[in-house]
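One structure is given below, represented as structure tokens, and several questions about it will come after.
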Amino acid sequence: MKRLMGLLFLLQASGIFASNTPLYSFRWGNEVCELNFESTNLCAKAKADVCKDIEQIFRCIPTNISSLTSTNASQEIYVLNVFPTRYYYPKEFSFGTYRKPNTLKVFDVGAPLAQKYNNAIALTNEYRIGVAALPEFLAQLTSMTTNNTTDLSFAQLFWNTESNQAVPLTRIDVPAGTVRNEVQAISEFKFSPPSMLDYYRMTVGSTEVLACQIKAYKENFAKFQDIELVFINNQWKFIFPL
């Protein structure tokens with residue numbers, strides 16, 4: 001019996017039966033960060049989905065943009081520098097600080113952000129076909145060039161939400177070269193996978209559709225641009241003009 005108890009103690013000490021990974025966490029660079037949900041209006045699955053979403057957001061955020069702002073006897077408070085992070089975050093994202101009570105960074109998810117995620121989960125579930133189609137659309141863009149794609153194919157990438165129609169190349173105010181210039185500008189960027197918080201509803205004509213604002217970046221995150229897309233006729237299109 002003593003030998004069995006000793007074996008169990010060794011297994012627990014070695015981490016086989018115990019884990020230092022918090023229940024809700026995400027990876028930022030080489031670190032595991034904890035999420036502390038202050039609100040109780042998210043179920044366990046929703047909290048797990050939020051963890052995945054936040055990890056995706058933080059893949060584009062350098063790990064050296066935080067700084068120590070205050071210290072007290074119990075914990076240190078760090079702030080994420082506002083200027084660079086406004087380029088990385090979705091518009092609805094509201095992280096600003098984290099605690100470091102022990103060795104892990106702890107980010108608090110307050111009630112306002114939790115409610116935004118609740119709404120985002122409901123929206124992406126409602127428009128799951130459009131959400132599922134976006135990665136393929138973005139992947140196609142990387143293979144398109146002004147040399148291997150026709151003017152018509154370029155024009156079909158865009159939608160004029162004011163007139164609720166495709167962008168015809170025959171219009172005097174939208175010559176073929178304009179559309180090609182838009183695509184050329186897009187081709188110079190890479191696209192960050194959208195967060196759930198990047199999706200929103202848009203009324204085009206008299207119809208409510210799914211829209212998305214994605215982060216386009218280049219030069220190792222040195223330059224950013226927000227680009228809006230709309231899911232029209234079961235196909236993603238750029239809102240023209242960019």
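Starting from 1, each residue takes its place in the sequence as its number.
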CD1 on Ile239 to CG on Leu229, rounded to 0.5 Å: 7.0 Å
Does the side chain of Ile227 reach to within under 4.5 Å of the side chain of Gln213, using non-hydrogen atoms? no
Within the side chain of Arg128, is there an N or O that forms a donor-acceptor pair under 3.5 Å with the backbone of Asn125? yes
With a 4.5 Å cut-off on side-chain heavy atoms, are Ile54 and Leu35 touching? yes
Under 4.0 Å between a Lys/Arg side-chain N and an Asp/Glu carboxylate O for Arg201 and Glu126? yes
Less than 3.5 Å apart, any donor N or O on the side chain of Trp159 or Asn233 sitting next to an acceptor on the other? no
Connected via hydrophobic side-chain network under 4.5 Å: Phe231 and Val131: yes
Taking the side chain from Trp236 and the backbone from Cys212, do they hold a donor-acceptor pair closer than 3.5 Å? no
Any link between Leu113 and Val106 through a network of hydrophobic side chains (Ile, Leu, Val, Met, Phe, Trp, Tyr) touching at under 4.5 Å? no
Here the gap from Asn160 atom CG to Ile232 atom CD1, rounded to the nearest 0.5 Å, amounts to 11.0 Å
Could you tell me whether the side chain of Asp198 and the main chain of Ser195 form a donor-acceptor pair under 3.5 Å? yes
Interatomic distance, CG@Asn234 vs CD1@Ile129, rounded to 0.5 Å, equals 6.5 Å
Passes side-chain contact (heavy atoms from CB on, under 4.5 Å), Thr161 versus Met202? Steps please. CA-CA 9 Å; Thr161 54; Met202 173 182 283; 4.0 Å; yes
Compute the ring centroids of Phe137 and Phe238, then answer whether they are less than 6.0 Å apart. yes
When the aromatic ring centroids of Tyr24 and Phe37 are compared, is their separation below 6.0 Å? yes
OG of Ser192 to CZ of Arg59, rounded to nearest 0.5 Å, is 9.0 Å
Could you state whether Leu138 and Tyr199 fall into the same hydrophobic cluster, counting links through intermediate Ile, Leu, Val, Met, Phe, Trp or Tyr residues with side-chain heavy atoms under 4.5 angstrom apart? yes
Identify the two heavy atoms, one from Gly110 and one from Glu38, that lie closest to each other, and give their separation to 0.1 Å. CA-OE1, 3.4 Å
Where do Ile77 and Lys100 land on the side-chain contact (heavy atoms from CB on, under 4.5 Å) test, with the steps shown first? CA-CA 7 Å; Ile77 306 297; Lys100 203 170 182 181; over 6 Å; no
For a quick test of your reading: what N or O donor-acceptor pairs under 3.5 Å do the side chains of residues 42-52 make, sequence neighbours left out?
{"unit_1": "Lys45", "atom_1": "NZ", "unit_2": "Asp49", "atom_2": "OD2", "d": "3.0"}

salt_bridge(Lys105, Glu34) N-O dist < 4.0 Å: no
Is there a path of hydrophobic side-chain contacts, each under 4.5 Å between heavy atoms of I/L/V/M/F/W/Y residues, joining Val204 to Tyr200? yes
Ile121 vs Met196, side-chain contact (heavy atoms from CB on, under 4.5 Å): CA-CA, chis, key distance, verdict: CA-CA 7 Å; Ile121 290 171; Met196 282 189 285; 3.7 Å; yes
Only one of Leu23, Asp108, Val109 passes side-chain contact (heavy atoms from CB on, under 4.5 Å) with Asn36; say which it is. Asp108
Nearest 0.5 Å, what's the OG1-CG distance between Thr207 and Asn164? 7.0 Å
Can you check whether Phe95 and Phe107 have ring centres sitting under 6.0 Å from each other? yes
With Asp53 as partner, the option from Tyr117, Phe93, Phe58 fulfilling side-chain contact (heavy atoms from CB on, under 4.5 Å) is Tyr117
Can you hop from Phe191 to Leu210 via hydrophobic side chains spaced under 4.5 Å? yes
CD (Glu208) with more than 12 external heavy atoms under 6.0 Å: yes
Using side-chain contact (heavy atoms from CB on, under 4.5 Å), reason through Leu197 and Lys116 one step at a time and then give a plain yes or no. CA-CA 7 Å; Leu197 299 173; Lys116 289 176 182 178; 4.1 Å; yes
